[in-house]
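Here's the structure, in C-alpha cells; my notes come after.
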Amino acid sequence: MNNNKTWWKESVVYQVYWRSFYDSDGDGYGDLEGLIQKLDYIRDLGVDIIWLNPVYESPDKDNGYDISDYEAIMPKAGTMDIWERLLSEVHARGMKLIMDLVVNHTSDRHPWFLESRSSRDNPKRDWYIWRDGKNGEPPNNWRSYFSPSAWEWDEATGQYYFHSFAVEQPDLNWKNPELRREIYRMMRFWLDKGIDGFRLDAIALLAKPEGFPDAENPEDIRYLTNNPGLHDYIREMNEQVFRHYDIVTVGETAFVSPEEGLKFVGEDRKELNTLFHFEVCDEMPAWDMLRFKEIQRRWYKVLWGKGTNSQFLNNHDHTRQVTRYGNDGPYRVQSAKLLATMLHTLPGIPYIYQGEEIGMTGVRFDSIDQYNDIAMKNRYDEEVRKGRDPQEVLQSLQALSRDNSRTPMQWNDSLHAGFTTGTPWINVNPNYKEINVEKDLSDPNSIYRYYQKLIELRKKHEVMVYGDFEELPEWMEDKHLYVYTRTLGDTRWLIVLNHSDEPSSMRLPSDYPASALQLLLSNYPENEADTDDRIELRPHEARIYAIRRA
Ligand code: ISL
C-alpha cells in the first residue's frame with residue numbers, strides 16, 4: 001500500500017489535443033478560446049487535471065512538438081492573454097492544468113538553433129549536437145523516429161546535426177550546463193504563472209551515448225533512450241525546479257521496463273512523480289489479454305509502494321482504444337465502458353484522451369493526402385522510395401497512424417460535428433452523426449455518463465487509488481476474463497471483466513458468494529440469470545463489486 005497520500009495520486013487526467021478540440025473562430029483549428037468555452041463539459045465529467053498538448057510558438061511541423069519560442073503562444077491556438085484566462089477558468093472550476101513540455105529538442109526555426117547553425121564558433125553551437133561526418137557519411141548508422149537517418153548535413157558549417165525525430169526537430173545538447181540553466185529558467189517562467197505541472201515529452205531521450213557508436217540494428221531505435229547520465233539531468237531538474245512547487249510531473253518514457261521506470265518515479269529518487277510507459281501502446285499492436293495481464297503484473301510488482309504508475313490505452317500518438325484494443329462495432333458502447341472500468345480500477349493514475357469518454361473510434365482515410373501526421377507521411381515516403389506499392393504501404397500504416405486519434409472532437413451531428421464553422425484542418429470521422437457529445441449527454445446509459453459514475457466512485461472510495469491489487473489465481477491465465485481485487489484496510493472490491501465478443505458463465509469464487517457481493521457499477525443491467533454461485537457475463541460486460549464484510 002502506498003502510504004504517502006497526495007492530490008495528484010487521487011486525480012483523473014483529461015488530455016486536450018487543443019487543435020482538434022473546439023474551434024471558436026472558424027479557422028478550422030481548435031483553439032484556447034474554444035477550450036475555455038468547453039471547460040464546463042470537462043469539469044462535469046469529474047476530472048481533476050487537464051493535460052494540454054503543446055501550445056507554444058511553433059512552425060507546426062510536428063503539431064507543436066517543434067517549439068520555436070517557449071514563452072509565446074502559437075497564434076493558431078490564441079494569445080498569452082487567452083492562455084492566462086484559460087488557466088484562471090480551469091482553476092475557477094477546481095481543476096488543475098499541466099502543460100506538455102518538449103525539452104529534448106526544439107524547432108529548427110528556434111533562434112537558439114539559428115544561432116547554433118550560423119557558425120562553428122557561435123556561443124550556442126554547443127547547445128545542439130554537431131559532429132563531423134565519416135568518409136562523407138553521417139557520424140553513425142542510427143535512424144530517427146521519423147526519418148532514415150538521425151543526422152542532417154549542414155552545408156554552411158560542414159557538419160551534421162542530430163535529431164531524434166524529424167529533421168525540423170534538432171536535439172538539444174543536455175551536456176551543456178548553460179542550456180540546462182536556460183531550460184530550468186523557462187520552466188520556472190511557466191510554473192510562476194501558476195500551472196500545476198508538466199507532461200515531459202520524450203524525457204528518456206535527453207542523454208546521448210559518448211561517441212555515438214554504430215547500432216547493431218539501426219531499426220531498433222531504443223538506443224535513443226535511457227542512456228548514461230539521463231537521471232543526473234532529471235534529478236538536477238527536480239533539484240533546480242520541481243521540488244520548489246506543489247506540482248505533478250509525468251514523464252513520457254518510451255522503451256522503459258518496470259525496473260527502469262522505477263528510476264524515474266521512485267519517491268526516494270526525487271526525479272518525477274509518475275510516467276507513461278509504452279509496453280502496451282508501442283509494443284502490443286492488438287489486444288492480447290494474457291500479455292496485458294503480464295505487463296500489469298510486472299509493473300505492479302516493481303512500482304507499488306515505491307512509485308506511481310499511470311494507466312492509458314490511447315493518446316494523440318496512439319489510435320483510439322475502443323478500435324485498437326476493444327470492439328468498435330456492435331459492442332462499441334459496452335467495450336468502451338469495459339476498457340474504462342479496467343483503466344480506472346487498475347493501480348495507477350487514469351488518463352482520458354479527449355473523445356474516449358464518448359467512445360470515439362479510429363479512422364481510415366482513402367489517400368495519404370488526407371493524413372497530416374509527419375511520422376506517417378515520412379514513413380510512407382520512405383517505404384514508397386524503396387519501391388513498395390503505395391496502396392499497400394498506405395494500408396500497412398493506417399491502423400497505427402497517429403491521425404487516428406487526431407480527428408476533431410465530435411460535439412453534435414451538425415456539419416463537421418460542430419467542431420468548426422470553417423474547414424477542419426483534418427477530416428472529421430464520418431461516424432460523427434452516430435457518435436457525438438450531444439447524443440451522449442442526452443442518454444443516461446451513454447459512455448459519458450458511465451465515465452462520470454466511474455470517476456465519482458474514485459472520489460468516494462480511496463480503495464481505487466491506494467488499494468492493493470491482486471488477481472484471483474483461478475482466472476490469471478484466462479484469455480478473456482480479467483478478475484482482480486483492490487483492498488484497502490477493511491474495504492475490498494472485486495472487479496470482473498469479460499473482454500470478449502462472447503458471453504461467459506463464471507463460477508463465483510468460493511470466498512465471494514453472491515450474498516457477499518454488492519454491485520457498485522456495471523455496463524449492463526442486472527442479469528436475472530445470475531445465481532448464488534455463478535454470474536452470467538454478457539459480451540464486454542464489466543462489473544465492480546464491493547465485498548460485504550463477513
Ligand atoms: O508514439 C510513439 C511511438 O509509437 C511514442 O514512442 C512517441 O513517438 C515518442 O515516445 C515521443 O512522442 C512525443 O514526442 C514526439 C511527438 O511527435 C509525439 O507527439 C510526442 O507524444 C516528438 O516530440
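Order of appearance sets the numbers: ligands from 1, and atoms from 1 within every ligand. Values below: every heavy atom of this structure, side chains too, minus hydrogens, waters and symmetry copies. We count residues from 1, following the sequence as given.
- With hydrogens and angles ignored, the 3.5 Å screen pairs no side-chain donor or acceptor of Asp62 with any backbone N or O of Gln169.
- Residue Lys61 places every heavy atom at 4.0 Å or more from ligand 1.
- None of Tyr245, Tyr70, Phe198, Tyr56 except one satisfies the ring-ring contact (aromatic ring centres under 6.0 Å, His included) rule with Trp190; the exception is Tyr56.
- Looking at Glu283 against ligand 1, nothing comes within 4.0 Å, counting heavy atoms.
- Taking atom 8 (O) of ligand 1 as the reference point, the nearest protein heavy-atom neighbour is Tyr145 CE2, 3.8 Å.
- The distance from ligand 1 to the heavy atoms of His105 drops below 4.0 Å at these ligand atoms: 22 (C), 23 (O).
- Within the listing of ligand 1, atoms 2 (C), 3 (C), 4 (O), 5 (C), 6 (O) sit less than 4.0 angstrom from a heavy atom of Asp282.
- Two rings, from Trp174 and Phe162, have their centers 6.0 Å or more apart.
- Distance from atom 14 (O) of ligand 1 to its nearest protein heavy atom, with residue and atom name: Asp201 OD1, 2.9 Å.
- Heavy atoms of Phe146 found under 4.0 angstrom from ligand 1 belong exclusively to the side chain.
- A distance below 6.0 Å separates the ring centres of Tyr145 and Phe165.
- Between Lys124 and Asp126, none of the side-chain N atoms (NZ, or NE/NH1/NH2) sits under 4.0 Å from a carboxylate O, so this pair counts as no salt bridge.
- If you number the atoms of ligand 1 from 1 as listed, the ones under 4.0 Å from a heavy atom of Arg402 come out as 16 (C), 17 (O), 18 (C), 19 (O).
- Centroid-to-centroid, the aromatic rings of Phe264 and His231 come within less than 6.0 Å.
- The protein atom (non-hydrogen) at minimum distance from atom 11 (C) of ligand 1 is Glu252 OE1, 3.3 Å.
- The protein non-hydrogen atom at the shortest distance from atom 19 (O) of ligand 1 is Asp317 OD1, 2.7 Å.
- In summary, the atoms of ligand 1 found under 4.0 Å from a heavy atom of His316, numbered by their order in the structure, are 18 (C), 19 (O), 20 (C), 21 (O).
- Of the N and O atoms on the side chains of Ser118 and Arg125, not one donor lies less than 3.5 Å from an acceptor on the other residue.
- Asp62 OD2, 3.3 Å is the protein heavy atom nearest to atom 16 (C) of ligand 1.
- Here is the list of ligand 1 atoms found below 4.0 Å of a heavy atom in Arg406: 19 (O).
- The aromatic ring centres of Trp411 and Phe419 sit 6.0 Å or more apart.
- Shortest contact from atom 15 (C) of ligand 1 to any protein heavy atom: Phe165 CE2, 3.6 Å.
- Nearest non-hydrogen protein atom to atom 1 (O) of ligand 1 is His318 NE2, 3.1 Å.
- Using a 4.0 Å cut-off between a side-chain N of Lys or Arg and a carboxylate O of Asp or Glu, Glu239 and Arg235 do not qualify as a salt bridge.
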